[in-house]
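So the structure is just underneath, and the comments pick up after that.
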Number of protein chains: 6
Amino acid sequence: MAGTARTALVVSAHSADFVWRAGGAIALHAEAGVAVTVICLSYGERGESAKLWRQEGMTLERVKTERRKEAEAAAAHLGVADIQFWDLGDYPIALTQDSLFRLVDVYRALHPQFVLTHSERDIYNHDHPAVTDFAQHARIVAQAHGHNPGQKVLGAPPVFLFEPHQPEQCGWKPDVLLDITAVWAKKRAAIECMAGQEHLWEYYTRVGQQRGAQAARNSDRKVVWGEGYQAVFPHVVERLG
Amino acid sequence: MAGTARTALVVSAHSADFVWRAGGAIALHAEAGVAVTVICLSYGERGESAKLWRQEGMTLERVKTERRKEAEAAAAHLGVADIQFWDLGDYPIALTQDSLFRLVDVYRALHPQFVLTHSERDIYNHDHPAVTDFAQHARIVAQAHGHNPGQKVLGAPPVFLFEPHQPEQCGWKPDVLLDITAVWAKKRAAIECMAGQEHLWEYYTRVGQQRGAQAARNSDRKVVWGEGYQAVFPHVVERLG
Amino acid sequence: MAGTARTALVVSAHSADFVWRAGGAIALHAEAGVAVTVICLSYGERGESAKLWRQEGMTLERVKTERRKEAEAAAAHLGVADIQFWDLGDYPIALTQDSLFRLVDVYRALHPQFVLTHSERDIYNHDHPAVTDFAQHARIVAQAHGHNPGQKVLGAPPVFLFEPHQPEQCGWKPDVLLDITAVWAKKRAAIECMAGQEHLWEYYTRVGQQRGAQAARNSDRKVVWGEGYQAVFPHVVERLG
Amino acid sequence: MAGTARTALVVSAHSADFVWRAGGAIALHAEAGVAVTVICLSYGERGESAKLWRQEGMTLERVKTERRKEAEAAAAHLGVADIQFWDLGDYPIALTQDSLFRLVDVYRALHPQFVLTHSERDIYNHDHPAVTDFAQHARIVAQAHGHNPGQKVLGAPPVFLFEPHQPEQCGWKPDVLLDITAVWAKKRAAIECMAGQEHLWEYYTRVGQQRGAQAARNSDRKVVWGEGYQAVFPHVVERLG
Amino acid sequence: MAGTARTALVVSAHSADFVWRAGGAIALHAEAGVAVTVICLSYGERGESAKLWRQEGMTLERVKTERRKEAEAAAAHLGVADIQFWDLGDYPIALTQDSLFRLVDVYRALHPQFVLTHSERDIYNHDHPAVTDFAQHARIVAQAHGHNPGQKVLGAPPVFLFEPHQPEQCGWKPDVLLDITAVWAKKRAAIECMAGQEHLWEYYTRVGQQRGAQAARNSDRKVVWGEGYQAVFPHVVERLG
Amino acid sequence: MAGTARTALVVSAHSADFVWRAGGAIALHAEAGVAVTVICLSYGERGESAKLWRQEGMTLERVKTERRKEAEAAAAHLGVADIQFWDLGDYPIALTQDSLFRLVDVYRALHPQFVLTHSERDIYNHDHPAVTDFAQHARIVAQAHGHNPGQKVLGAPPVFLFEPHQPEQCGWKPDVLLDITAVWAKKRAAIECMAGQEHLWEYYTRVGQQRGAQAARNSDRKVVWGEGYQAVFPHVVERLG
């Protein structure tokens, strides 16, 4: 029944971001019965598909088709419940008010337990900060009683910001380290679907190892693979430690 | 059996700090079976006992005696397992290397699940930042294999910094909000033991209400009374949201 | 005569913000003969009127009408000289260039002694930061000699940012504490006009008490009720202390 | 031959900014054989031409004409290879997507060794932060393989942010100090072309002296005149010190 | 009568700091009838007397004697009521607990209206941050009722941090700009007493001009010479603007 | 001849830090003819020798002996000109004034071109921040003309802070990326000398790969292995880009 299903929402600027940055979290929660919706706002067809563009006679449509295939394959490995491609363009992405209200509808339909999206600053990427602002804005509108009155308004799902490519340069600090050891194989399989960005496979594999080692150091648990997140809101808890 | 007991450690600069700033956390975990040790490094006899000093013929020893009685009574209300008074003086507090190693011994004896202490900056109080540095330093020494080799070294208990009197001026940000609704009556009873600082009773009662209201706004739960903390280390988790 | 009147300008995103956040400053300066203009850019009809929307058969127009009545009643208690409702919508607010130039005209007409508006960051509210950017932008355009040449250009009125709902989460720091003890009764009366947000009455009453207590601690004066502000520009002074 | 020419790009919000803020860097690199392109996105005709507007019967067109003459004369003193006036308006500046792609074309045509533009924050000026965001955005689009496929994509030229009028208020920190002693006379000559802003001549002359003195203190070299910059990206180096 | 005299306290690490950094504030308040006490904790004899050490046969005692003469002459120009030389050494300065209590006694004797001392960070100088910590610490001890009970405890005088040599590198932000136009001649005369540091005369004269120009830009007043300060505590006020 | 030799100074808290954190920089400059002096202030015998302590019958002296052997072997691989062991203890390290002046003597003897030491904050390690404060303090004393008058005073060598174990948690930002591709094999060989900390070999190998990939992304050069540093002082340059 929809009312009792547990859900999560991932808002990804380009069609590969959810894999590098949140693949572990997705697989982990999917295994635990959470229905994860991934929204790829664009395919990253202009700005994040260098390898495809090096092929002879490439066109924008073919790039999009390839990128979509890769993302769908990755999503399957991760156990994504629903992946949507909104095709809003990239470099720059076009985040209209219509898209904002469309995302509000998603929040209202899912009532996600948590939300994952981009860091608030990225000096290498203009779409990422725009998308996190957009995703957080839609969350706030979804909380407004006067928006589509009669619908159940959104509560206060926590938002976690995923790791940008060069974290220190973007002022991003991982205050949450998630143990993804149990699902690393799935994340790696998803990563290997990204044929167009093979140069990043080992990079993000090492990120997983470093965050895993750090998670072990910050706890008394044995963690091998990790993902880092930055929480936007304070953690409301019933116990410390 | 000591090995299996769950414990927590509170390092308080002056003998009342643990009440205003962590009374809820103490009572909550004590009720849940955690043995909470509170170390009052000083009585706050010089700097935080204005009302007592206004009495005719007051002496330093009498102030200390009064402050100790108040703190013991408060600790009883909160269910503190062990309260220690180290009498290191205040304004300024004298944090020697001997005291550092004594605190290391406490860490090694308790292996606490979590540690509570002061904020890292306090423009109104010189002892508080010194104490948090001291408490965090002792934790690190307790992790060193070459300190008293043969003892079991400390793991990596999280450290939470409690709320200073004027939080924004001290750069303190509550990234953890603890629901203390269930134990508020105990915290209020402990607060009322602090006869020497009656002007703070209502102030910290209102702090509890504001943090409670904020906890409710940051979750979908009904929270009435809260305490804020700032985490020093990243949270290592197995689930988000 | 307009040229010699002392004036102040408050730019409020939604029709209740000026009450919770600046009611004391408004009443205090109004009593002192300053003509205070309050611009409510929207009614907060969608995002800040939960209680009204819970009534059977509520419509957007009725919410606006109620909110306007409440704000006008509050303004009367505070002694506001002029309250304007620009009805720009909320969640999201629509801040067009026409509205920008309209606000520039207000600056040029008033030459306010000081300006009050929202904090620069608010993770719970997307309209507030947009409005402070808008209000500060209009102030800068009003200083431009080439905008409506011939008009007297604006000087450099200080801008103070009012307290957001959860100050530490928004990176807001109160570097100015205003003693509003003399006008607290008026602020409380204005607060009680906000029938649609009764859950905030006690919250902001406690804010007034905490800021008052902090003002007393940061001075040698007896202050009971206070309001905090963050200054945007350096204070230019002729004496220290 | 274009392919081997060394080039640099300066993106200036208003037609005088490149003189006060980057005149030394321009002259220095021009002398060294670098072809420097300066883009003046607007003339600053509304917001930065107070003195001209004080003349009887002044019109917007006449202000623009005067400002253009001044900027061209200054550019000649500095050895600018190409100065362009895009006339996008000011206070506020209109930074459309068409202009963005036009600037991308400039990046692709020049492949500059480095880029100079405004600080990321300026509480006194709304156009400056908008322009640095625009200039950095265009740089990122110019790196995208899917933008005008077939063109050579941009590499990773460093970006340096020039000094705002009141640096501390704008959170700008000079982490690069450039020795402009050898070309100071040219910068001063360019400054003296700015007839409409004579009140700034001595101000920016003193800035040059202070930054020079600071450069001397941070090195063992004799530096008399300097310019400060804040680097956006990490310096990639083959030697330290 | 001591009880009614208005006083101010300046805590200077080395014997010239009060001149460069606070000469204007001292002269201005002295003219207004405030009795200003300046404490020179050291002579700066090792670290800030390069020119003297270049003289043949110089000794530590002779450097101290020269520095004292210069400081006394400067103090006379500024109208200092009392200048004290504590001779605590420099590079590094020795800030013992005895000296701390001696400074507490000064606070208790003066009950200053305001306090001036160094910035909290200075990457070029190790004594300056140590001194501001020391001066602020002593102020807090002076507020403690248990310190020398029976004495009148200190209230809450505001503390303003003076400008370091390279402000942006030290994270110092001038949030208070003081108009010292009326006393500039006295400050310049005091500066010219510093024969051992003639290279700084013009540097700090330019600082005065820049801060003056900035003060004019942040107000509607005519200010020519200024000094910048950073406030430690929030300003408690009865009016805004 | 000493006067003309090019030198560099590395101040390492524990005897392995210089390997993980600066091995590439050392090898690179050594190859280029720079005589690199490494000061190991302690052996890290208590806090960073877990594996050794797990051996039966280990003593403090044996740990020190092992650690010294490892460090000397690593230094040989890197081409260190001089490695010194000051044996000041660790957890906590004892940084006396005598040691400070001893380090001043080293600065005065070497006149290094640049200095490498620890980050300014490390929440996992209390010795590291103490050491960077100590090393920077000694540099400042070495600049004082009154310290050992007659000696040539130190100039202004830049200081670069090396990467801590968990960079984001320590507020460390790599604003300098050094290409160490040419000497990676030497750094790896040095790393493999650290028999007591084998769990860190792969961790710091991955750090080298990540910083290398980031260096490539921030330049148009082919970089495979990198080291990150944070500069303390502004870069004084004669050319940009």
Side-chain angles (χ1 to χ4, degrees), chain A residues 6-10 22 24-26 28-29 31-34 36 111-116 143 153-160 162 173-183 211-212 214-221 223 226-241, chain B residues 6-10 22 24-26 28-29 31-34 36 111-116 143 153-160 162 173-183 211-212 214-221 223 226-241:
Chain A
R6 291 181 302 130
T7 62
L9 175 62
V10 182
I26 294 169
L28 195 69
H29 291 85
E31 278 196 1
V34 177
V36 181
H111 290 275
Q113 288 183 296
F114 62 87
V115 181
L116 307 182
Q143 294 173 323
V153 300
L154 185 69
V159 179
F160 301 100
F162 32 69
K173 180 180 170 182
D175 51 31
V176 172
L177 294 171
L178 180 68
D179 178 358
I180 62 163
T181 310
V183 295
R211 297 303 173 199
Q214 291 167 6
R217 291 272 290 229
N218 282 286
S219 68
D220 297 329
R221 289 176 244 159
V223 184
E227 265 173 8
Y229 291 93
Q230 181 174 309
V232 173
F233 300 98
H235 305 266
V236 180
V237 300
E238 296 179 350
R239 287 289 177 278
L240 299 169
Chain B
R6 291 181 302 130
T7 63
L9 175 61
V10 181
I26 293 168
L28 194 69
H29 291 85
E31 279 195 2
V34 177
V36 181
H111 290 276
Q113 288 183 296
F114 62 87
V115 181
L116 306 182
Q143 294 173 323
V153 300
L154 185 68
V159 179
F160 301 99
F162 32 68
K173 180 181 170 183
D175 52 30
V176 172
L177 294 171
L178 179 69
D179 179 358
I180 61 163
T181 309
V183 296
R211 296 304 174 200
Q214 292 167 6
R217 290 272 292 230
N218 282 285
S219 68
D220 298 329
R221 288 177 244 156
V223 184
E227 266 173 8
Y229 291 93
Q230 181 173 310
V232 174
F233 300 98
H235 305 265
V236 181
V237 299
E238 297 180 350
R239 288 290 177 277
L240 299 169

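We name chains A, B, ... by the order of the sequence lines, and we start the count at 1 in each one.
Heavy-atom distances place the backbone of R217(B), and not its side chain, under 4.5 Å from chain A. Proximity to chain A (any heavy atom under 4.5 Å) is restricted, for P158(B), to the side chain, taken from C-beta onward.
The closest donor-acceptor contact from the side chain of D220(A) to the backbone of A156(B) lies under 3.5 Å. Looking only at distances, no side-chain donor or acceptor of R211(B) sits under 3.5 Å from a matching main-chain atom of L178(B).
Of the listed residues (N218(B), V223(B), I180(B)), the one with the most heavy-atom contacts under 4.5 Å to chain A is N218(B). Chain B forms the most heavy-atom pairs under 4.5 Å with one residue out of G155(A), A182(A), A216(A), and that residue is G155(A). Options L116(A), V34(A), L240(A) differ in how many heavy-atom pairs under 4.5 Å they form with chain B, and the most are formed by L240(A).
Residues passing the salt bridge (Lys or Arg N to Asp or Glu O under 4.0 Å) test with R239(A): none are found, sequence neighbours excluded.
Between Q143(B) and V153(B), the shortest heavy-atom distance links the atoms O-CB, 4.0 Å.
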Please tabulate, for side-chain N and O atoms in residues 227-236 of chain B, each donor-acceptor pair with protein atoms closer than 3.5 Å (sequence neighbours left out).
unit_1, atom_1, unit_2, atom_2, d
E227(B), OE1, A25(B), N, 3.0
E227(B), OE1, Y229(B), OH, 2.6
E227(B), OE2, G23(B), N, 3.2
E227(B), OE2, G24(B), N, 2.6
E227(B), OE2, K187(B), NZ, 2.7
Y229(B), OH, R21(B), O, 3.3
Q230(B), OE1, K173(B), N, 2.6

